Structures are given as C-alpha cells and as structure tokens.
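Just so we're clear, the structure is a prediction, and the values are computed from it rather than from any experiment. All chains are named by letter (A, B, ...) in the order of the sequence lines, taking the proteins before the strands, and each is independently numbered beginning at 1.
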2 protein chains.
Amino acid sequence: MVVYELTDSEVDAMFRALADATRRDIVNRVLHENASVSRLAERYDMSFAAVQKHVAVLQAAGLVTKSRRGREQIVSGNLASIHHIQKLLSHFETVWKQRALQMAEVLRDDATTEAPPNPASSGARVDIPHD
Amino acid sequence: MVVYELTDSEVDAMFRALADATRRDIVNRVLHENASVSRLAERYDMSFAAVQKHVAVLQAAGLVTKSRRGREQIVSGNLASIHHIQKLLSHFETVWKQRALQMAEVLRDDATTEAPPNPASSGARVDIPHD
DNA sequence: TTCATATACAACCATTTGGTTGTATATTAT
DNA sequence: ATAATATACAACCAAATGGTTGTATATGAA
C-alpha cells in the first residue's frame, strides 16, 4: 500500500532526522506516549529551544506530528513514515540476498558445465543474516 | 544473533551515512556488485575525491568495507550493519503496535467497568500499517 | 624506465547543524 | 488584571558536511 514515492530529499530528511540520539529517543518516547514539547524538554539536558528544534527537525521529516491542545503542542509519532524507511532498508537486504542466491547459482552452473563436481560448490552457501 | 550493542554515536554514523542519496545509491550498487572506487566515481557527476569521501563516510559507518586488489580498492556492502539498523526501526514499529493494542485494551476495560456498552469502543481499532 | 591508472590526503570554501540566549505572543490560573 | 506557563522565533556561534582543487604515492602496462 504505497501512497506515493518519497523523493530523495525526503528520504534524506528522514535519515538525517534519525541520525541523532536525542531525536531517536524523542521518537521512541512519543511512540510510547504522546507528549507536549515542554514535557519532552524536561527529560534532556539542553535548553527548551534546542528540544523544540529537534522536534521541528522530526516534524519536517514527517516522523512526528504536532497538534495543539490549549497552550501545548502535543507531539505524536508517525508510524507510516517509520514503516516506509524500514521498508527501504529491507529492500537493501533483499537485494543482497538475491545476489547471494545468484552467486550460488553461478557456482552450481560452473560445477555442472565447466568443472568436475566440487564438494564445496555443491553445498554452496553464502552467509545470510538471521535473528 | 546480536554480536554487540552499537553505541549511540555508531548508530548516528549509520543514519547520517544513509542521509545522502549518492551514498544510498553507492550502497545499492555495491550490494548488487562489488566495485572499485574509481568505477563508482564514473557514475556520479562529481569529482573522484568527492566519491572517495562518500565511500569513506560509508566505511566509517560500517556500511561498506574496502579491500585492496592490486592498485584498486574494492568496495563491498556490509549486510550485517544494514540488518542492524533495520531491526532498530522495526523495534520502533513494534513499540507503536503494542501501544495501539494497549489503547484498544483500555477502551475495552472502560466499556465494561465504567460506562454502558459503546458500539464504537467495542470495535476499537487503531490503524496499523501493512504492506 | 617511463607513463598511465587508482588511490590518498591536505587545504580551502559555502552551507548546514546543533546548540545557545533573548524577546515576543498566546493561553491558563489566581 | 496580573502572573505563570507553553510555545515561537530570531540572532548568534562553533563544528561538521559536501563539495572543490592540488599534490603525492603506489601499482600495472609498455
């Protein structure tokens, strides 16, 4: 269910937004529970304005959204965008795994068409990560 | 199969490295097929030195490795690290989904202990992304 | 040996980033 | 009305980023 393809600079913004431990922590926090900007700011050893900027970066990247509630701005996580970049990474994995399979296949073909059976290539394996 | 926990700054480096379209393209390319730095440089509209720097950033982040072959440096993708940060993102998703389930549960409890049955809360749903 | 190729790396520059402080505005509480 | 709270935003600064050019070094080919 792809809504629309993200541009390069949109993806840039998402990864850049996640390239900071404070911002990753904010994302984690608001995924657990929505929080106002000042509530978030209490937790970090930096000025309110700094946290405000971090939230702005996350918002510009589409990773969180803000909604007014009285005088507060409530920050909440946007799962769709996280899901999107996670899929991008899993695409990388898929590419690699397919390459691994192709390599194994080449080895198998070589063994049957050009060289005598090779015990190593008959059981050809390429490391594929698992959990 | 976690080898060792990455530090914040290591994760920072990975995300920062991926926050550039040229570097993401390099990763994609070397996941498909290993390539020397100059071979990679041919493809991009920037100086060799610039591409060299991009590769260095990816290498520092552990996303690719370099190995000498004669006068060339062959760049290859490091799937383990990609897998690692992909898992980090899927953790975010898990957190969110659990929260969604908890919210649904709270709604259910409210309905049975404090208020008359509510047609809306009995079918409580929270959007969960799917493919 | 000499020439071409592949890389390394330093120096430089403009822009962005991540922080600060200070000031202004809107909302809630007394 | 006044004070306290929550946010917005500008101006400033040091450091990092993403590019450049130039120079040096190592390897392979003729």
Any pair with a residue in residues 34-55 of chain B that passes salt bridge (Lys or Arg N to Asp or Glu O under 4.0 Å), sequence neighbours left out, goes on the list, sorted by first then second residue, please. none
How would you list all residue pairs meeting salt bridge (Lys or Arg N to Asp or Glu O under 4.0 Å) that involve residues 72-82 of chain B, not counting sequence neighbours? Arg69(B)-Glu72(B)
In residues 34-42 of chain B, which residues come under 4.0 Å of DNA chain C by heavy atom? Ser36(B), Val37(B), Ser38(B)
Length of the line joining [X]:[atom1] and [N]:[atom2], which is rounded to integer Å:
X	N	atom1	atom2	value
Ile74(A)	dT7(D)	CD1	P	7 Å
Glu72(A)	dT7(D)	CD	P	6 Å
Lys66(A)	dA6(D)	NZ	P	15 Å
Gln52(B)	dA11(C)	CD	C1'	15 Å
Phe15(A)	dG18(D)	CZ	P	14 Å

Which letters describe nucleotides 23-30 of chain D, given B = protein heavy atom under 4.0 Å from base, S = only from sugar-phosphate, - = neither? ----BS--
Who passes side chain to side chain contact (heavy atoms under 4.5 Å, CB included) against [X], sequence neighbours left out?
X	value
Gln73(B)	Val37(B), Lys66(B), Arg68(B)
Ala50(B)	Met46(B), Ser47(B)
Arg71(B)	none

Run the salt bridge (Lys or Arg N to Asp or Glu O under 4.0 Å) test against Arg29(B) and tell me which residues pass, sequence neighbours left out. Asp25(B)
Within the pair Gln73(A) and dA6(D), is there a side-chain N or O less than 4.0 Å away from OP1 or OP2? no
Pairwise distance CG(Leu88(A)) to CD(Gln86(B)) - rounded to 0.5 angstrom: 10.5 Å
4.5 Å side-chain heavy-atom contact, Leu18(A) and Ile85(B): no
Partner residues of [X] under the side chain to side chain donor-acceptor pair (under 3.5 Å) criterion, sequence neighbours left out:
X	result
Asp20(A)	none
Ser76(B)	Thr65(B)
Asn34(A)	Arg99(B)

Quick test: give all pairs of protein nitrogen or oxygen and nucleotides 14-20 of chain C nitrogen or oxygen below 3.5 Å, distance rounded to 0.1 Å.
unit_1  : atom_1 : unit_2   : atom_2 : d
dT17(C) : OP1    : Arg16(A) : NH1    : 3.1
dG18(C) : OP1    : Arg23(A) : NH2    : 3.3
dG18(C) : OP2    : Arg23(A) : NH1    : 3.0
dG18(C) : OP2    : Arg23(A) : NH2    : 3.4
dG19(C) : OP2    : His54(A) : NE2    : 2.1
dG19(C) : N7     : Lys53(A) : NZ     : 3.0
dG19(C) : O6     : Lys53(A) : NZ     : 2.1
dT20(C) : OP1    : Ser47(A) : N      : 3.4
dT20(C) : OP2    : Ser47(A) : N      : 2.9
dT20(C) : OP2    : Ser47(A) : OG     : 2.6

